[in-house]
Engineer: 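Take a look at the following structure, please.
The analysis underlying the following values was restricted to heavy atoms, covering all of them including side chains, and did not include hydrogens, waters or symmetry mates. Note that this is a predicted model, so its numbers are computed, not measured.
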Amino acid sequence: MPALVAGIHAKTMRCVEGKASKRFARAWMAGTSPAMTASVFLSFAILAAPALADEAFVTAQGADALSIVDLSKMQTVATLPIGGKPAGVAVSRDGARAFITSPEGKFLTVIDAASRTIEKRIPVEGGPLGVAASPDGKRVYVADLYGRRLVEIVLAGGAQRSVGVGAMASGVAVAPDGKTIIVADRDDNALSMIDAATFSRVATIPVGKHPFGVTIDAAGARAYSANVESDDVSVVDLASRTVVATLKCGSRPYTVALAKGRVFVANQHADSVSVFDAESLAPLETIKVGEYPEGLAVSGDGARVYVANWFSNELWAVDAQTLKVLGKAETGDGPRAFGAFIRDAD
């Protein structure tokens with residue numbers, strides 16, 4: 001079974017059986033997930049007035065909800081019921097909207113970030129997981145975990161089209177200029193390169209085993225894939241479409257973030273974040289974080305890295321320069337935060 005929504009079951013088992021069940025759950029998540037269902041919650045709520053501060057939009061899969069964290073206070077200030085076991089998240093570049101995938105519900109939720117209200121839900125067949133927004137905020141790209149495809153959604157009017165990618169499409173990243181989209185094809189051990197203008201696959205790039213999270217640097221020169229089963233990160237030169245380096249990290253790397261000339265990697269099984277120098281690719285540090293870190297994202301100024309810890313229900317803030325932990329916030333149950341989940345108030 002493919003890895004996706006086994007988190008709810010895994011956390012229940014851990015509560016009952018402790019560390020032994022946690023080890024089993026981790027193995028299950030690395031390669032399996034139960035069948036999708038179509039349950040959808042259509043209720044929504046606003047629990048606090050919006051504030052002018054950077055915010056994190058954290059998908060809490062176990063709670064079937066979105067936790068909105070005020071990052072100046074490191075405190076959850078609002079919770080929106082989403083439904084469908086939300087996992088993927090993307091915040092538009094202008095901070096106006098957040099986009100949430102619900103793999104079990106088979107829909108994408110569009111959220112007005114300022115008012116913290118649900119604008120609409122857009123049906124997406126298959127298993128919508130990874131999500132990214134175009135730089136102009138007019139389009140959203142969703143990886144269908146089960147359909148071997150990337151779906152493009154035009155927000156004005158809702159038109160959809162798809163392009164074929166590899167097996168178990170997971171993470172999605174868009175280059176800063178919006179011209180290139182990268183998709184992690186988990187079961188093909190490869191990345192798909194998509195030309196955004198023609199919406200066609202122009203290259204397949206072999207990487208490590210079971211790539212999941214993927215990101216592209218600010219120059220649009222390199223992509224980085226976290227390879228869950230080979231315990232490494234592939235560094236890909238996008239111009240030559242080749243792997244130029246492999247970074248060995250902790251057990252079960254899940255996502256990658258870039259800040260202050262450094263590469264940050266969330267290691268699920270090691271409860272840690274590996275840090276590398278982005279230029280030399282030399283290892284710098286291993287930061288102990290909460291239990292089972294998954295989502296990683298960076299503040300708008302690049303000063304902080306935020307880590308969503310799925311088993312300990314926390315969001316941690318780390319100084320990207322000193323690598324010190326600055327604070328922690330409680331979230332809803334099972335924070336995945338798979339994607340670009342930070343809204344920059346500026």
Engineer: Quick one: does Val91's side chain get under 4.5 Å of Ile342's, heavy atoms only?
Structural biologist: no
Engineer: Step by step, work out the side-chain hydrogen bond (donor to acceptor under 3.5 Å, both in side chains) result for Asn309 and Ser312.
Structural biologist: CA-CA 6 Å; Asn309 300 287; Ser312 50; 4.6 Å; no
Engineer: Please enumerate all residues that pass side-chain hydrogen bond (donor to acceptor under 3.5 Å, both in side chains) together with Arg149, with sequence neighbours excluded.
Structural biologist: Asp144
Engineer: Quick check: closest heavy atoms across Pro103 and Pro128, and the distance to 0.1 Å?
Structural biologist: CG-O, 3.3 Å
Engineer: Less than 4.0 Å between a side-chain N and a carboxylate O, is that true for Lys248 and Asp231?
Structural biologist: no
Engineer: Hey, is the main chain of Arg262 close enough, under 3.5 Å, to the side chain of Asp277 for a donor-acceptor pair?
Structural biologist: no
Engineer: Taking it one step at a time, do Thr101 and Thr59 satisfy side-chain contact (heavy atoms from CB on, under 4.5 Å)?
Structural biologist: CA-CA 9 Å; Thr101 59; Thr59 49; over 6 Å; no
Engineer: For Arg148 and Asp185, what are the C-alpha separation, side-chain angles and deciding distance, and is it a salt bridge (charged side-chain N to carboxylate O under 4.0 Å, His left out)?
Structural biologist: CA-CA 8 Å; Arg148 299 178 66 103; Asp185 301 331; over 6 Å; no
Engineer: For Glu119, does the CD atom sit with more than 12 other heavy atoms under 6.0 Å from it, leaving out its own atoms?
Structural biologist: yes
Engineer: Closest approach of Ala96 and Ser92, non-hydrogen atoms and distance?
Structural biologist: N-OG, 3.2 Å
Engineer: Output yes when Asp136 and Arg93 qualify as a salt bridge under the 4.0 Å nitrogen-oxygen rule, no when they do not.
Structural biologist: no
Engineer: Excluding sequence neighbours, so at least two apart, what forms side chain to side chain contact (heavy atoms under 4.5 Å, CB included) with Arg241?
Structural biologist: Met193, Val202, Ala203, Ile205
Engineer: Between Lys328 and Glu314, does any side-chain N to carboxylate O distance fall below 4.0 Å?
Structural biologist: no
Engineer: When rounded to the nearest 0.5 angstrom, what distance separates CZ in Arg186 from NE2 in His210?
Structural biologist: 5.0 Å
Engineer: Measuring from atom CD1 of Ile68 to atom CZ of Phe57, what distance do you get when rounded to the nearest 0.5 angstrom?
Structural biologist: 4.5 Å
Engineer: Could you check whether atom NZ of Lys324 has more than 12 heavy atoms from other residues, nucleotides or ligands sitting under 6.0 Å from it?
Structural biologist: no
Engineer: We want to know whether Asp195 and Thr180 form a side-chain donor-acceptor pair, criterion being a heavy-atom distance below 3.5 angstrom.
Structural biologist: no
Engineer: Going through the distances and angles, do Phe276 and Val233 end up as a side-chain contact (heavy atoms from CB on, under 4.5 Å)?
Structural biologist: CA-CA 11 Å; Phe276 301 85; Val233 169; 5.7 Å; no
Engineer: Does NZ in Lys120 sit with more than 12 non-hydrogen atoms of other residues, nucleotides or ligands closer than 6.0 Å?
Structural biologist: yes
Engineer: Can you tell me if Gln160 and Glu152 form a side-chain donor-acceptor pair at under 3.5 Å?
Structural biologist: no
Engineer: Please step through side-chain contact (heavy atoms from CB on, under 4.5 Å) for the pair Phe264 and Leu323, ending with a clear verdict.
Structural biologist: CA-CA 10 Å; Phe264 295 80; Leu323 307 182; 3.7 Å; yes
Engineer: List in chain and number order the residues that pass ring-ring contact (aromatic ring centres under 6.0 Å, His included) with Phe341, two or more places apart in sequence or in another chain; answer none if no residue qualifies.
Structural biologist: none
Engineer: We want to know whether Arg201 and Ser192 form a side-chain donor-acceptor pair, criterion being a heavy-atom distance below 3.5 angstrom.
Structural biologist: yes
Engineer: Take Asp64 and Lys85, measure what salt bridge (charged side-chain N to carboxylate O under 4.0 Å, His left out) needs, and give me the verdict at the end.
Structural biologist: CA-CA 5 Å; Asp64 249 343; Lys85 303 305 177 191; 3.7 Å; yes
Engineer: Would you check if there is a donor-acceptor pair between the side chains of Asn267 and Ser274 at a distance under 3.5 Å?
Structural biologist: yes
Engineer: Between the side chains of Asn313 and Thr331, does any donor sit under 3.5 Å from an acceptor?
Structural biologist: no
Engineer: Could Lys73 and Glu55 be called an ion pair, given the rule that one side-chain N must be under 4.0 Å from one carboxylate O?
Structural biologist: no
Engineer: Please confirm whether Tyr292 and Tyr254 have ring centers closer than 6.0 angstrom.
Structural biologist: no
Engineer: Nearest 0.5 Å, please: how far is CG in Asp232 from OG in Ser225?
Structural biologist: 8.0 Å
